[in-house]
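By convention in this document, chain letters (A, B, ...) are assigned in the order of the sequence lines, proteins followed by strands, and residues within each chain are numbered from 1.
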Amino acid sequence: MIPPEPSPTAESPGNGSGYSLEILAQLSGVTRQTVLLYQENGLVQELTSFDDDTVRTVRRIEYLRSTCEVNMTGLKMMMKLLNEVEDLRARLRSQR
Amino acid sequence: MAAQFKDYYATLGVSREASADEIKKAFRKLARQYHPDTATDKKAAEEKFKEINEAYEVLGDAEKRQKYDRLGAHWQDAEAGGPPPGWSGGTQPGGGGHSQEFHFGGTGFSDFFEQYFSGGSRYGFPEDWEAEGTGAGYSTAAKPRKGHDIEGDILVTLDEAMHGTVRAISLQTTNRQTGAVQAEDIQVRIPPGATDGRRIRVPGHGGPGRNGGAAGDLYLRVRHASHPEFTSQEADLYHELELAPWEAVLGAEIVIPTLDGAIKLRVPAGSSQGQKLRVRGRGLPKGKSAERGDLFVILGIAVPDKVSDAERSLWQQLKEASHFNPRQQPSNS
């Protein structure tokens, strides 16, 4: 039996309210300390309110870190590249 | 069960050798014709409009078009049961591919698009394939693991993006190994100001968890449908406005559309081709406050291709009276 999503405020933020750091950590399946570590290393923006894109980003970083065993240097490089690719794609799209 | 192949070239009415420019023109013309706001037969237009948008999503992107052309050439092989060509860039772990098949309904995109051209299928993240027992993290079996995330696209009109909306999506999941099919209807809330590329997270509708772990999440990527009058970039909107030569030279007051009604725009005298006029606060909603992006009007100057004799004579007079030469370097005189 799969337990339900353990969060009282897991609804997608769209009416202006984002996720707190605690909720972000919970939804991404990592500890609060981990998110802070990511922020320190520039992998996650230093904000107090987060959106769905950040949940996804943290999940991806966590996958790279725990399953693919990528170290912090590698994580920084990868996320920088992924973000750059995404920005470029968005720019191309807007020129269509 | 492979998705049905879509002939995007036929949808846009262009040849397979069409240039990017030809495809763009064909798309804009059709998008204008079938847009729900401007179409005459709205019901028939709706389906066609979605198809046109999807076709351009693929053919309007050089990389996707290339992939599509390769896919089309080998479609017969794929149906015979071989691995679909161009799948996830060609590198696959172990058995390769998903252990589950996802079919979306109501997103505005076909299964064919979601399976081959959706944004999620890149770089080998678990959205793409499951480690299925390979990889260091999965070797300790007993630990509960959250299911992987899946990503799809959802076609959203600018009107929906402006005001926000709730969309009914259906998601059908087929487990490739057991053949078990699960269908569910999901309500997805698109918030006001949802920009193109923004991800909407639908918790618990991703891949199933292992060893009692929670299911992964579904991420739907917002894709703005084309609009006859506007293109979008983040919260800003862009509108191309064609002016008559005298309107650009003398200035004019032109009525232009916005997402919340028409407004009068003052075009200053001496406006040139390509100039951008900014209309503040007429873009999409931004974030928490009542703040909105801007509407940029890009000016174009159109020239009449046929003129009457009287007009021609006036232009001739103007030519003789004017010292204007756009090719001359500015002098100090």
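- A side chain to side chain donor-acceptor pair (under 3.5 Å) with A/Y38 is found for exactly one of A/K76, A/E62, A/Q33, namely A/E62.
- With a 4.5 angstrom heavy-atom cutoff, B/Y56 touches chain A via backbone and side-chain atoms both.
- For the pair B/K50 and B/F109, the cation-pi criterion (under 6.0 Å, within 45° of the ring axis) is not fulfilled.
- Contact annotation for A/R59: only side-chain heavy atoms (C-beta onward) come within less than 4.5 Å of a heavy atom of chain B.
- Of all the listed residues (B/E57, B/K24, B/E234), the one sharing the greatest number of non-hydrogen pairs under 4.5 Å with chain A is B/E57.
- For the salt bridge (Lys or Arg N to Asp or Glu O under 4.0 Å) test, residues two or more places apart in sequence or in another chain that qualify with B/D21 are B/K25.
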Which is it for B/E151 and A/R56 under the side chain to side chain contact (heavy atoms under 4.5 Å, CB included) test, yes or no, and what are the steps along the way? CA-CA 10 Å; B/E151 195 168 287; A/R56 183 178 171 273; 2.7 Å; yes

